[in-house]
J.: 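Questions regarding the structure given below will be posed in turn.
Just so it is clear, the structure is predicted and the values come from calculations on it, not from any experiment.
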Amino acid sequence: QCEEAAYEERRYPAGKWACVTKGEPMYEQSISMSFMKLMRYICKDNSVGCYLGMTVPVLNEIHLTKEGTGLEREVITAYYLPGRFQQNPPVPTDPEIHITERSPLRVITRVFYGMTTEETILREISLFWELLGSTDAVLQGTYIVAAYQNPSVPRRRNEIWFICRA
């Protein structure tokens, strides 16, 4: 029986994403409100008036406070547009949703399961740094939490992404 790898490196191509930025008092509020806005966009609130299709993972870009002990309030939640909409993305009816072209991305990623709260994310970042040791290969202070399943799924699969320097 093989154990899961502690972490892996991946590359993602450039592409268009629908993004919402929220800065609620709690991380969970920001991602919940942003995701609901994105779901309305995905389901029909767009210029073509149709269901776009769900892609995973949904990304939440976070930043640590200067002290490194908490998360900045502002969280960017991002949904990757399906291939057929990459060239000509439907326009969101919600002015808080922005279509963004993101550059190619190289990340080092580690899986974790369960709820994503500020506390669990800070713990996962700390554990990941312990595994990696001291390195300048990745950014410090900016991370991505990748969600692969509906938040209501118990023990849902998530990943913490450390962003590699160019």
Side-chain angles (χ1 to χ4, degrees), residues 4 7-64 71-125 128 139 141-164:
E4 272 190 66
Y7 57 87
E8 67 178 286
E9 184 175 320
R10 287 195 215 127
R11 293 173 189 272
Y12 291 91
K16 292 190 173 77
W17 295 73
C19 301
V20 176
T21 303
K22 284 282 182 198
E24 299 302 317
M26 291 176 62
Y27 170 82
E28 299 90 317
Q29 292 171 309
S30 290
I31 64 168
S32 176
M33 292 172 77
S34 293
F35 185 72
M36 291 313 297
K37 284 181 170 289
L38 290 171
M39 280 309 298
R40 285 191 291 274
Y41 169 70
I42 292 164
C43 288
K44 235 182 174 156
D45 285 354
N46 56 63
S47 59
V48 292
C50 72
Y51 177 69
L52 305 180
M54 193 63 210
T55 62
V56 289
V58 172
L59 305 183
N60 294 293
E61 184 178 311
I62 57 171
H63 304 274
L64 293 186
L71 301 181
E72 292 282 347
R73 289 302 109 215
E74 203 165 84
V75 178
I76 301 169
T77 301
Y79 153 79
Y80 183 77
L81 288 154
R84 70 179 193 263
F85 298 114
Q86 280 291 314
Q87 290 304 317
N88 192 15
V91 177
T93 56
D94 185 331
E96 288 190 50
I97 299 174
H98 302 280
I99 305 300
T100 306
E101 173 88 33
R102 297 189 96 167
S103 301
L105 189 62
R106 191 166 55 97
V107 298
I108 298 174
T109 177
R110 182 170 187 271
V111 173
F112 68 101
Y113 296 92
M115 296 292 295
T116 55
T117 64
E118 183 166 347
E119 183 184 346
T120 59
I121 291 165
L122 291 169
R123 184 175 62 240
E124 290 302 324
I125 289 170
F128 204 173
L139 298 179
T142 300
Y143 303 93
I144 294 174
V145 178
Y148 286 84
Q149 294 165 304
N150 183 310
S152 65
V153 172
R155 287 200 34 83
R156 77 171 184 179
R157 180 176 182 257
N158 307 288
E159 293 174 345
I160 190 77
W161 291 5
F162 281 25
I163 303 165
C164 297

J.: Give the intermediate values and the outcome of side-chain contact (heavy atoms from CB on, under 4.5 Å) for residues I108 and C164.
T.: CA-CA 7 Å; I108 298 174; C164 297; 3.7 Å; yes
J.: The criterion is salt bridge (Lys or Arg N to Asp or Glu O under 4.0 Å); which residues satisfy it with R10, sequence neighbours excluded?
T.: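 Salt bridge (Lys or Arg N to Asp or Glu O under 4.0 Å) check on R10 returns E8, E159.
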J.: Once rounded to the nearest 0.5 Å, what's the spacing between atom OG1 of T21 and atom NE2 of H98?
T.: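 Atom-to-atom, T21:OG1 and H98:NE2 are 6.5 Å apart.
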J.: Ignoring hydrogens and angles, write down the donor-acceptor pairs under 3.5 Å from the side chains of residues 80-87, residues two or more places apart or on other chains.
T.:
{"residue": "Q86", "atom": "OE1", "partner": "K16", "partner atom": "N", "Å": "2.7"}
{"residue": "Q86", "atom": "NE2", "partner": "K16", "partner atom": "O", "Å": "3.1"}
{"residue": "Q86", "atom": "NE2", "partner": "L81", "partner atom": "O", "Å": "2.8"}

J.: Between L52 and N46, is there a side-chain heavy-atom distance shorter than 4.5 Å?
T.: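 Yes. Closest side-chain heavy atoms under 4.5 Å.
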J.: Apply side chain to side chain donor-acceptor pair (under 3.5 Å) to T117 and list each qualifying residue two or more places apart in sequence or on a separate chain.
T.: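 Listed in chain order: T120.
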J.: Who are the side chain to side chain contact (heavy atoms under 4.5 Å, CB included) partners of I125, not counting sequence neighbours?
T.: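 Expected list: I62, L64, I121, W129, Y143, I160, F162.
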J.: Name all residues meeting the side chain to side chain contact (heavy atoms under 4.5 Å, CB included) criterion together with S30; count only those two or more places apart in sequence or in a different chain, and write none if there are none.
T.: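 S30 satisfies side chain to side chain contact (heavy atoms under 4.5 Å, CB included) with K22, E24, V75 once adjacent residues are dropped.
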J.: What verdict does the side-chain contact (heavy atoms from CB on, under 4.5 Å) test give for I163 and L105, after you've listed the backbone C-alpha separation in whole Å, the side-chain angles of each residue and the deciding distance to 0.1 Å?
T.: CA-CA 7 Å; I163 303 165; L105 189 62; 3.8 Å; yes
J.: Does A78 have any side chain to side chain contact (heavy atoms under 4.5 Å, CB included) partners at least two apart in sequence or in another chain, and if so, which?
T.: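 So A78 forms a side chain to side chain contact (heavy atoms under 4.5 Å, CB included) with W17, C19, L59, R102.
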J.: Is there side-chain contact between Y7 and V111, with at least one heavy-atom pair below 4.5 Å?
T.: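 No, every pair of side-chain atoms sits at 4.5 Å or beyond.
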J.: Which heavy atom of Y27 sits nearest a heavy atom of T116, and at what distance?
T.: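 Heavy atoms only, the tightest pair is CE2-O, 3.6 Å.
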J.: Once side chain to side chain contact (heavy atoms under 4.5 Å, CB included) is applied, do any residues pair with M39, and if so which ones, sequence neighbours excluded?
T.: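 In terms of side chain to side chain contact (heavy atoms under 4.5 Å, CB included), with neighbours along the sequence ignored, M39 is linked to F35, I42, C43, M54.
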J.: Is there a side-chain contact between L71 and L122, using heavy atoms and a 4.5 Å cut-off?
T.: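 A side-chain contact exists here, since the closest heavy-atom pair is under 4.5 Å.
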J.: Do the non-hydrogen side-chain atoms of P92 and D45 ever get within less than 4.5 Å of each other?
T.: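 No, side chains not in contact.
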J.: The criterion is salt bridge (Lys or Arg N to Asp or Glu O under 4.0 Å); which residues satisfy it with E118, sequence neighbours excluded?
T.: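 Salt bridge (Lys or Arg N to Asp or Glu O under 4.0 Å) list for E118, sorted by chain: R73.
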J.: Quick one: list whatever passes ring pair (Phe, Tyr, Trp, His ring centres under 6.0 Å) with Y12, sequence neighbours left out.
T.: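 Result, ring pair (Phe, Tyr, Trp, His ring centres under 6.0 Å) vs Y12: W161.
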J.: Heavy atoms, side chains only, cut-off 4.5 Å: are P90 and S47 in contact?
T.: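 A side-chain contact exists here, since the closest heavy-atom pair is under 4.5 Å.
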J.: Is it the case that T77 and N60 place a side-chain donor and acceptor less than 3.5 Å from each other?
T.: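 Short answer, yes.
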J.: Kindly write out the residues that satisfy salt bridge (Lys or Arg N to Asp or Glu O under 4.0 Å) with D94, not counting sequence neighbours, or none if the list is empty.
T.: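 Checked D94 against salt bridge (Lys or Arg N to Asp or Glu O under 4.0 Å); matches are K37.
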J.: Please list, chain by chain and in numerical order, all residues satisfying side chain to side chain donor-acceptor pair (under 3.5 Å) with R123, sequence neighbours excluded.
T.: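 Side chain to side chain donor-acceptor pair (under 3.5 Å) list for R123, sorted by chain: empty.
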J.: Could I get the full list of side chain to side chain donor-acceptor pair (under 3.5 Å) partners for T142, not counting sequence neighbours?
T.: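 Per chain and number, T142 pairs via side chain to side chain donor-acceptor pair (under 3.5 Å) with H63.
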J.: Does Y79 reach the side chain of I97, with side-chain heavy atoms less than 4.5 Å apart?
T.: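 Counting from C-beta outward, Y79 and I97 never come under 4.5 Å.
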J.: side-chain contact (heavy atoms from CB on, under 4.5 Å), that's the test. Do I99 and Y41 meet it? Break it down for me.
T.: CA-CA 11 Å; I99 305 300; Y41 169 70; 3.6 Å; yes
J.: Locate the shortest heavy-atom distance separating Q149 from R155; write the atom from each residue and the value.
T.: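 Nearest pair, atom of Q149 first, then R155: OE1-O, 4.4 Å.
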J.: Take a 6.0 Å sphere around CD of E9 and say whether it holds more than 12 heavy atoms from other residues, nucleotides or ligands.
T.: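 Above 12, so yes.
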J.: Taking the side chain as C-beta and beyond, is there a heavy-atom pair between Y148 and R156 under 4.5 Å?
T.: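 Side chain of Y148 against side chain of R156, heavy atoms only: no contact under 4.5 Å found.
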